[in-house]
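Notes for the one structure printed next.
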Amino acid sequence: MIKFIAGVAKEAIIDVEGIVRTVGNKIESCTQSDVELHVEQVFVVSAGAQRLPLQIEDASRQITEGEELATVSQDTRLDNRILDLRPPANQSIFRLEAGVCQLFRNYLTRNGFMEMHAPKIISAASEGGANVFTVSYFK
């Protein structure tokens, strides 16, 4: 099973079947420090690409002078934004923004305000997905 798991790509989606057991000594390097999973079977649901355009570890690294480690260029980051949002530093920006919005929303709610999402009225005809993304059914 170890050889099979070693061959699975980093971004693959997998199902793991196993038994959760408590441990005698706390595990220091994990968030779940009092239990571990004893794996019995692993299934690949969706195989990821063997080579990604950027590695998460490289995107997490700060660019410093004189360093030999790989970094990711701005163009590669923007072309692969979904992968670039995974490093903890990038996620912390969005967590901070969400926290500020939540505090603001809670303050207004406590003071009698109501959040409302009204329909937007515009002067011109709006285009829907059918106008933007044409699908040829009869070709």
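V20 and M1 end up in the same hydrophobic cluster when Ile, Leu, Val, Met, Phe, Trp and Tyr side chains are linked at under 4.5 Å. Both I14 and I5 belong to a single network of hydrophobic side chains, linked directly or stepwise wherever heavy atoms of I, L, V, M, F, W or Y lie under 4.5 Å apart. Transitive grouping of hydrophobic side chains (ILVMFWY, heavy atoms separated by less than 4.5 Å) brings V8 and L37 into a common cluster.
Under the side chain to side chain contact (heavy atoms under 4.5 Å, CB included) criterion, T76 pairs with L54, V72, S73, N80, sequence neighbours left out. In this structure, the side chain to side chain contact (heavy atoms under 4.5 Å, CB included) partners of R86, at least two apart in sequence or on a different chain, are E11, I56, L83. Residues satisfying the side chain to side chain contact (heavy atoms under 4.5 Å, CB included) criterion with N106, sequence neighbours excluded, are Q102, R110. Applying the side chain to side chain contact (heavy atoms under 4.5 Å, CB included) test to D34 and every residue at least two apart in sequence or in another chain returns K26, Q32. Evaluation of the side-chain hydrogen bond (donor to acceptor under 3.5 Å, both in side chains) rule for S33 yields no partner, not counting sequence neighbours. Partners of E17 under the side-chain hydrogen bond (donor to acceptor under 3.5 Å, both in side chains) rule, at least two apart in sequence or in another chain, do not exist in this structure. With sequence neighbours left out, the side-chain hydrogen bond (donor to acceptor under 3.5 Å, both in side chains) criterion links H117 to E115.
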Could you tabulate the donor-acceptor pairs under 3.5 Å formed by side-chain atoms of residues 40-48, not counting sequence neighbours?
none

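Around atom CD1 of I2, no more than 12 heavy atoms belonging to other residues, nucleotides or ligands sit under 6.0 Å away.
Apart from L85 itself, the hydrophobic cluster it occupies contains F94, where clustering links Ile, Leu, Val, Met, Phe, Trp and Tyr at side-chain heavy-atom distances under 4.5 Å. Side-chain heavy-atom separations under 4.5 angstrom define the hydrophobic clusters, and the remaining members of the one that includes L108 are F104, Y107, F113.
Side-chain contact between V100 and E97 is absent, with no heavy-atom pair separated by less than 4.5 Å.
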